[in-house]
Undergrad: 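Have a look at the structure that comes next, please.
Whatever order the structure lists them in is the order used to number ligands and atoms, beginning at 1.
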Amino acid sequence: MTRVLLFLLAAPLWAQPFDLVINNAHMMDPASNLDGVRHIGVRGGRIAEISPIPLTAKIIIDAKGLIVAPGFIDLHSHGQTPENYRFKARDGVTTALEMEAGVNPVAAWYKERQGRSLINYGATSGDIPARMAVFHDSGKLLPRDKAIARAASAEELRQILDRITSGLNEGALGIGMGIAYLPYESRAEVFQIFQLAAGRHVPVYVHMRNGGPVEPGVIDALQEVIADATASGASLHIVHITSMGLRQTALCLAMIDGVRGRGLDVTTEAYPYTAGMTDLSSAIFSEGWQQRQGGIGFGDLQWAATGERLTAESFARYRKQGGFVAIHSIPEEIVKLAISHPNVMVASDGILDEGKGHPRAAGTYARVLGRYVREQHAVTLMDAIRKMSLLPANRIGLATKGRISIGADADITIFDPDRVIDRATFDKPAQYSEGIQYVLVNGTLVVDKGELAANVMPGRAVRR
Ligand SMILES: [Zn+2]
């Protein structure tokens, strides 16, 4: 009798060999709200079993005392290089997407990363890069000369829309827009791009025309995109609401909650830092930037290459040269407000270039878990996980990511809730987060016992 029972219990273990199992997992799944101990079997890059009893395989992770969550999905990751992917993986991110600026041409961008990426990657078809190509602007990520010097002719606009459309045909995840970086992009042009998105049933991801308290500022900028989304029917995602809204962030969130309550598909995101970062040569720093940033001065700007605070003299010199600058403009209570709001997704907006940049590229996700969940109790652990995995997966319509369920992609982040914390700072941005113990991308370990795994490139394209 006992032998038969043992055989029955053991049979599924041998009948269903797994590639890898995670035993004794404190699983937290925001899709089902499951919050309890389970044992997870992974096979063929997918979650194959979620069991009440321990499982067996060649690779066994004992997750006792650790939280097992869906891998984090960063909707706003400008850093799309092996260097950036390493920092993302160590921060628990399994999918990094360039949705704000977007890319153009799209097919070539995906091809470059195929089989060579530590984590999953994807992008929108970008208005900015399309316009830069048509205008032969010399900027890299952002325009810096020809695309910001004049308006587009009718023929140039046609070429821009053609390029955006081609990108969608090549699998881009939506349309990326940075209206603030294109001072001559008219309201009519913006609406036409929204119409294009609506016709293709893809969202637009928008850095709005203006931010801050001085009109034209964040309120009228938000009204512009809400009106365009309403009139066109396009789904709308507004990037980094805190750096745009500043002290009016609560009002902005009330407006977004209001349109959502009326059935519109409008979402937003924030990063957990009190400073933004962008290119000093961009249109953001044209005349009047101090007022538009809520009343800051030269000393609130920090040159990323050296860490120095700027003066009127160094501002003028570096603006000609171009390069990343941190803008210390966001009050801490505004960061906390956005991170604790249940509908505001977490997204980094990060990029590291040979170790230089903003700490958000390396620390965003561990910072939310350590600082805002554990230390400040600003948000529950389940809600934080939801804002970092399920909500972004839903935004892009990925039914196989952002959840731990049978059949889902085995993108899984396992962390120590008592130790997880960011280590990256404005002075030293290239510091790995701590307490992220294991990260699986499509079933392959990319972080193992807190260290990067060697010689693995399991990242896959996320595309339409
Ligand atoms: Zn932006």
Undergrad: I'd like to know if Arg367 pairs up with Glu375 as an ion pair, taking the criterion as any Lys NZ or Arg NE/NH1/NH2 lying under 4.0 Å from an Asp or Glu carboxylate oxygen.
TA: no

Undergrad: Between the side chains of Asp279 and Ser281, is a donor N or O closer than 3.5 angstrom to an acceptor N or O?
TA: yes

Undergrad: State whether a side-chain donor-acceptor pair under 3.5 Å links Thr81 with Asn84.
TA: yes

Undergrad: Hey, which N, O or S atom on His207 ends up closest to the Zn ion (ligand 1)?
TA: ND1

Undergrad: From the Zn ion (ligand 1) out to just under 2.8 Å, does an N/O/S atom of Asp349 turn up?
TA: no

Undergrad: Would you say the Zn ion (ligand 1) has His76 as a near neighbour, meaning an N/O/S atom of that residue under 2.8 Å away?
TA: no

Undergrad: For atom OH of Tyr184, decide whether the heavy atoms of other residues, nucleotides or ligands shown that lie under 6.0 angstrom number more than 12.
TA: no

Undergrad: Taking just the N, O or S atoms of Glu100, which one is nearest to the Zn ion (ligand 1)?
TA: OE2

